[in-house]
Amino acid sequence: MTDPSNVQPHEVASVCYRDLAGQEWRYRGKRARVMAMLVREPSLTQWDILPWHTRLGGTIHSLREDGLNISTELEGRYRHARYRLHTEGSLIIQRKNTDS
């Protein structure tokens, strides 16, 4: 098992998030990277994930439909969104294979 605090978002291949009740969510690709960032950071905005992901709102919507509790705070003059994960749990990360 890899410690999520030591993994950079670009190193994430897949994640498994387990809440306190034992329910699990498994993601790969961009959703895995976003999930890892939501767990590691106190909040996340579109600016935090540019340039590798340009539709954070769509990913957050999908994560919510899967049953995760993610809040949205609108802030600033142009009311950009800041997302926070409220489902308590732990993250298991599988790193990308970098061996050549």
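Nothing fancy with the numbering, it's 1 onward along the sequence.
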Item to complete: Give the C-alpha distance, both sets of side-chain angles, the deciding distance and a yes or no for side-chain contact (heavy atoms from CB on, under 4.5 Å) between V39 and L85.
Response: CA-CA 7 Å; V39 170; L85 177 66; 3.8 Å; yes
Item to complete: Give the cluster check for L20 versus M35: same hydrophobic cluster or not, with ILVMFWY residues linked at side-chain heavy-atom distances below 4.5 Å.
Response: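 Hydrophobic grouping puts L20 apart from M35.
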Worksheet entry | Co-membership, hydrophobic cluster, residues I70 and W47, 4.5 Å side-chain |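 Per the 4.5 Å side-chain linkage, I70 and W47 are not co-clustered.
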Worksheet entry | Listed partners of Q46 passing side-chain contact (heavy atoms from CB on, under 4.5 Å), at least two apart |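 For Q46 the side-chain contact (heavy atoms from CB on, under 4.5 Å) partners, ignoring immediate neighbours, are I49, L50, L56.
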Using side-chain heavy atoms (C-beta onward) and a distance below 4.5 Å, is [X] in contact with [Y]?
X	Y	value
W25	T87	yes
L38	L63	yes
R79	R77	no
S14	R26	no

Worksheet entry | Residue pairs involving residues 56-68 (criterion salt bridge (charged side-chain N to carboxylate O under 4.0 Å, His left out); sequence neighbours excluded) |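 Sorted result for residues 56-68: empty, none.
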If you measure from [atom1] on [X] to [atom2] on [Y], what distance do you get to the nearest 0.5 Å?
X	Y	atom1	atom2	value
I93	R33	CD1	CZ	12.0 Å
I60	L44	CD1	CG	6.5 Å
H86	N69	NE2	CG	6.0 Å
Y17	E88	OH	CD	7.5 Å

Worksheet item: Of all heavy-atom pairs between Y83 and G57, which one has the smallest distance, and what is that distance?
Response: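 In this case the closest contact between Y83 and G57 is OH-CA, 3.7 Å.
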Worksheet item: Of all heavy-atom pairs between T72 and A81, which one has the smallest distance, and what is that distance?
Response: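 Closest heavy-atom pair between T72 and A81: CG2-CB, 3.8 Å.
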Practice prompt. For E73, check salt bridge (Lys or Arg N to Asp or Glu O under 4.0 Å) against everything at least two apart and list the hits.
Written response: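 With neighbours one apart ignored, the set is R84.
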Discussion item. Going by salt bridge (Lys or Arg N to Asp or Glu O under 4.0 Å), name the residues that satisfy it together with R82, two or more places apart in sequence or in a different chain.
Written reply: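 Partners of R82 under the salt bridge (Lys or Arg N to Asp or Glu O under 4.0 Å) test: E75.
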Fill in: Under the side-chain hydrogen bond (donor to acceptor under 3.5 Å, both in side chains) test, residues paired with S90 that sit two or more places apart
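For S90 there are no side-chain hydrogen bond (donor to acceptor under 3.5 Å, both in side chains) partners, ignoring immediate neighbours.
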Worksheet item: Partners of R18 by side-chain hydrogen bond (donor to acceptor under 3.5 Å, both in side chains), sequence neighbours excluded?
Response: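 Residues passing side-chain hydrogen bond (donor to acceptor under 3.5 Å, both in side chains) with R18: E24.
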Worksheet item: More than 12 non-hydrogen atoms from neighbouring residues, nucleotides or ligands closer than 6.0 Å to NE2 on H61, yes or no?
Response: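 No.
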Discussion item. Under the criterion side chain to side chain donor-acceptor pair (under 3.5 Å), I'd like the reasoning laid out for H80 against T45: C-alpha separation, chi angles, the key distance, then a yes or no.
Written reply: CA-CA 8 Å; H80 69 273; T45 67; 5.5 Å; no
